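Encoded as structure tokens, the structure appears first; notes follow it.
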2 protein chains.
Amino acid sequence: MRTPPPLIEFWFDLASTYSYVAAADVARLEDEGRARIDYRPFLLGPVFAAQGWQDSPFNLYPAKGDYMWQDLARLCEERGLPLRRPAVFPRNSVLPACVTLAGLDQGWGKRFVLSAYTASFGYDIDIAGANGLRMMLEGLQVEPDAVLVLAASQAVRARLRENTAEAMRRGVFGAPSFFAGDTLFWGTDRLAHALRHATRQKVEDGQ
Amino acid sequence: MRTPPPLIEFWFDLASTYSYVAAADVARLEDEGRARIDYRPFLLGPVFAAQGWQDSPFNLYPAKGDYMWQDLARLCEERGLPLRRPAVFPRNSVLPACVTLAGLDQGWGKRFVLSAYTASFGYDIDIAGANGLRMMLEGLQVEPDAVLVLAASQAVRARLRENTAEAMRRGVFGAPSFFAGDTLFWGTDRLAHALRHATRQKVEDGQ
């Protein structure tokens, strides 16, 4: 009997540039059957606010921000991902995160995530508002009206707040972050470490 | 006729944890004849101060700091590098940076760098002061007294200040940083990108 592949939690904010790259990488791992990915959307805003930042550190620290866009271009080029510097950065990610939560319940959430990142960072489509989201949902053959109502509900918003609170409680300070068990890994560059850790843990657990 | 390998500038602060890992990685690249490394010590303090930080961000942001030590442990384990969390972090790196500059002129600077990092982060030896440095220099068969006098001179200190100013002028915002030509790469994880860029540039330049 084949055992399921190891489990990695993927914590992301749809406004986070490096999470775009990570979303492509985790999707590939899962497609290849090398990992199961638990998608956990959260908001970086409160995490950054707790560190005293009222904006993205890439805006607050211009040298770091300039570098980030150049670095991101190289990472996207390596993976064949489109990249176009968006007109607005960071975009408000509350509504698309709530759409993600609705979609994860309904089975199309994972496809939505990569598609939302590609729209936002590959084609500069405004995914913060209902218009952009409607277009994307239609592209995924998902009827948008009911989803947008659900995404705006208090219940879904509360789940997003709970995810964000859980992230902070578990030591998340940026995105993308991964967990293998309770061990945190930060940044796209550490997905390989997370996978190795999850695989070892599975062996130790005798699964 | 064999052409020399591509040139990468390695910008580091002896107080920087990730620069320890990078120092091992660049030394290996050079040992294997895959790159020539231009060692450029500088001080992170003024760089961080310009970003509004009066301490290491790993101290200012505890969640990030806790993670860094765990991440560093994995990176050191992969490379077989010793690691022991130092009693003082960050250590003052002015004097060891000046010793490095003296050593680069005298031909033992590169050996000193890896040895200083290993002492500081592998064995918690205080490399900020003359006692620790004396011990290390003796270990490298370098007569310490003249070096320590030279390292404390205004001329060497001025060179360190110039390096730091140059780093900031060229967009350096952290350490380790690498340059391939005028292109900046930040972090140990980007050494491969720097090497690729330096190699391409060499081909384009027809060298």
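Reminder, nothing fancy here: chain letters follow the sequence lines and each chain counts from 1. When reading the values below, keep in mind they use all heavy atoms of this one structure, side chains included, and skip hydrogens, waters and symmetry mates. Because the structure is predicted, anything quoted here is derived from the model rather than measured.
Here the shortest heavy-atom pairing between A:Gln51 and B:Tyr61 reads O-CE2, 3.2 Å. Considering all non-hydrogen atoms of both residues, B:Ala63 and A:Gly171 come closest at CB-O, 4.0 Å.
In terms of non-hydrogen atom pairs under 4.5 Å with chain B, the most contact-rich of A:Thr183, A:Asp71, A:Val172, A:Leu60 is A:Asp71.
Counting heavy-atom neighbours within 6.0 Å of A:Asp182 CG, excluding the residue itself, gives a total of 12 or less. Shown here is B:Arg170, whose CZ atom has more than 12 heavy atoms of other residues, nucleotides or ligands within 6.0 Å. The environment of CZ in B:Arg34 is sparse: at most 12 heavy-atom neighbours from other residues, nucleotides or ligands sit within 6.0 Å. When the shell of 6.0 Å around CZ of A:Arg28 is examined, it contains 12 or fewer heavy atoms from other residues, nucleotides or ligands. Atom CD of A:Glu77 is surrounded by 12 or fewer heavy atoms from other residues, nucleotides or ligands within 6.0 Å.
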* Residue pair A:Gln70, B:Leu184: steps toward the side chain to side chain contact (heavy atoms under 4.5 Å, CB included) verdict -> CA-CA 9 Å; A:Gln70 295 167 37; B:Leu184 170 66; 5.7 Å; no
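Contact check for B:Leu75 versus A:His193: side-chain heavy atoms found under the 4.5 Å cut-off.
Between atom CZ of residue B:Arg196 and atom CD of residue A:Glu78 there is a gap of 4.5 Å, rounded to the nearest 0.5 Å.
Ring geometry for B:Trp186 against A:Tyr67 counts as perpendicular: the plane angle is over 60°, on a 0 to 90° scale with 30° as the lower cut.
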